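Notes follow once the structure below has been shown.
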Amino acid sequence: MQPRPARRSRTAVAVAPHAAGHLAAGAALDADALALHRVLSDLTRMIQFRDRDRICCHDVSVTQCYALEALVVRGELTLNELARELYLDKSTASRVVDALVAKGYAERRPHPQDGRAVQITPTRAGRKLYETIDAELLGEVRGVVARFSPAVRQSMAEVLRRLARAAGPRLAGGAAACCGNVAVSDGD
């Protein structure tokens with residue numbers, strides 16, 4: 001038995017020309033957003049597994065490596081600053097720092113202006129570990145992007161930079177962001 005063809009509605013809906021343009025633009029935007037979402041999800045999964053496989057060979061978790069990177073690149077940070085940088089709550093960031101301190105990759109120092117706060121800084125061993133991991137990961141990325149022309153490589157970096165900037169307010173928004181209360185726009 002063959003399936004029946006879909007019935008056509010006898011009720012025609014008239015759509016004004018300008019409204020049809022908005023509907024088409026909305027559908028195109030939805031399709032673009034879906035395509036971007038899927039490719040970013042795939043890329044994120046690949047990077048997470050690559051990072052996990054590479055970084056965990058060096059006695060740190062991926063999150064600990066990200067924390068170490070923030071400390072090396074940004075310098076001394078308070079626990080609150082590091083938590084914000086990693087998009088973690090303070091208690092999780094504290095456990096990450098505890099592990100780095102226990103392994104000798106970071107140290108806590110009293111904050112010079114705030115007796116309640118501490119500053120976290122990488123040790124010499126932490127800097128060396130970060131540089132080793134960073135060089136390995138950079139080598140992999142270099143191999144991937146080498147297949148593209150310089151113009152395409154620069155465009156990729158710029159588009160991703162703009163995406164990161166646009167996503168930043170959403171991530172920094174905390175609970176309000178999960179409810180869709182944060183509007184994001186990057187212009188063009």
Side-chain angles (χ1 to χ4, degrees), residues 36-37 39-146 153-154 156-179 181-182 184 186:
L36 179 62
H37 169 73
V39 75
L40 286 176
S41 293
D42 289 344
L43 181 61
T44 301
R45 260 190 309 282
M46 285 185 274
I47 289 172
Q48 284 174 332
F49 287 119
R50 180 219 55 190
D51 284 359
R52 182 201 63 202
D53 293 345
R54 283 280 187 209
I55 293 168
C56 292
C57 297
H58 294 283
D59 188 38
V60 290
S61 70
V62 172
T63 305
Q64 291 166 4
C65 186
Y66 289 154
L68 195 54
E69 176 182 39
L71 294 170
V72 169
V73 171
R74 297 222 21 234
E76 286 186 339
L77 296 171
T78 66
L79 186 59
N80 285 335
E81 290 168 336
L82 183 61
R84 273 192 305 275
E85 180 82 16
L86 299 175
Y87 302 104
L88 297 174
D89 60 50
K90 187 177 174 183
S91 64
T92 303
S94 182
R95 286 190 298 275
V96 170
V97 170
D98 288 345
L100 289 173
V101 169
K103 293 175 183 184
Y105 299 133
E107 58 188 19
R108 290 185 164 127
R109 296 182 180 162
H111 193 284
Q113 285 88 29
D114 185 350
R116 298 167 297 158
V118 294
Q119 288 184 310
I120 302 138
T121 185
T123 62
R124 182 175 293 141
R127 287 181 186 283
K128 183 174 165 67
L129 175 63
Y130 168 72
E131 290 166 3
T132 299
I133 293 170
D134 192 50
E136 287 179 13
L137 296 176
L138 184 57
E140 285 187 21
V141 172
R142 188 178 192 280
V144 170
V145 300
R153 292 192 307 256
Q154 292 164 7
M156 283 189 271
E158 178 57 25
V159 166
L160 291 173
R161 196 171 6 270
R162 291 172 74 182
L163 281 169
R165 246 190 344 258
R170 184 184 144 273
L171 293 173
C178 70
C179 301
N181 294 333
V182 176
V184 176
D186 190 31

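Just so it is clear, the model here is predicted, and its values are computed rather than measured.
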Exercise. Can any side-chain N or O of Glu85 pair as donor or acceptor with the backbone N or O of Leu82 at less than 3.5 Å?
Worked result: no
Problem set entry | Rounded distance [0.5 Å steps], CG in Leu160 versus CD in Glu158 | 9.5 Å
For this session: Answer yes or no: is there a side-chain heavy-atom contact under 4.5 Å between Tyr105 and Leu71?
Result: no
For this session: Compare every heavy atom of Gly104 with every heavy atom of Thr123, then report the nearest pair and how far apart it is.
Result: OG1-O, 2.6 Å
Seminar exercise, completed: Sorted by chain and residue number, the side-chain contact (heavy atoms from CB on, under 4.5 Å) partners of Arg108 (sequence neighbours excluded) come out as Ser94, Val97, Asp98, Val101, Val118, Ile120
Problem set entry | Pairwise side-chain contact, Arg74 with Glu69, heavy-atom cut-off 4.5 Å (strictly under) | no
For this session: Not counting sequence neighbours, which residues clear side-chain contact (heavy atoms from CB on, under 4.5 Å) with Arg116? List them please.
Result: Asp114
Exercise. In chain order, what residues pass the salt bridge (Lys or Arg N to Asp or Glu O under 4.0 Å) check against Glu76, with sequence neighbours excluded?
Worked result: Arg109
Exercise. If you look at every heavy atom in Ala67 and Val96, which pair is closest and at what distance?
Worked result: CB-CG1, 3.7 Å
Exercise. Going by heavy atoms in the side chains, are Leu36 and Leu163 under 4.5 Å from each other?
Worked result: yes
Problem set entry | Residue pair Asp59 / Leu129, side-chain heavy-atom distance below 4.5 Å | no
For this session: Evaluate the side-chain proximity of Val73 to Tyr130: yes if any heavy-atom separation is below 4.5 Å, no if none is.
Result: yes
Problem set entry | Pairwise distance CG(Asp134) to CZ(Arg127) - rounded to 0.5 angstrom | 13.0 Å
Problem set entry | Side chains of Val141 and Leu137 in contact at under 4.5 Å (non-hydrogen atoms) | no
Exercise. Looking only at heavy atoms, which two atoms of Pro112 and Gln119 are closest? And how far apart?
Worked result: CD-OE1, 3.4 Å
For this session: Can you sort out the partners of Asp42 under salt bridge (Lys or Arg N to Asp or Glu O under 4.0 Å), two or more places apart, ordered by chain and number?
Result: Arg45
For this session: May I ask you to decide if His37's main-chain N or O and Ser41's side chain share a donor-acceptor pair within less than 3.5 Å?
Result: yes
Problem set entry | Qualifying residues under side-chain contact (heavy atoms from CB on, under 4.5 Å), relative to Leu43, sequence neighbours excluded | Ile47
Problem set entry | Nearest-0.5 Å distance, OH of residue Tyr66 to CG of residue Leu88 | 11.5 Å
For this session: Output yes when Lys128 and Glu131 qualify as a salt bridge under the 4.0 Å nitrogen-oxygen rule, no when they do not.
Result: no
Exercise. Between the side chain of His111 and the main-chain N/O of Gln113, is any donor-acceptor distance below 3.5 Å?
Worked result: yes
Exercise. Which heavy atom of Val60 sits nearest a heavy atom of Cys65, and at what distance?
Worked result: CG2-CB, 4.2 Å
Exercise. What pairs with Asn80 under side-chain contact (heavy atoms from CB on, under 4.5 Å), at least two apart in sequence or on another chain?
Worked result: Thr78, Arg84, Lys90
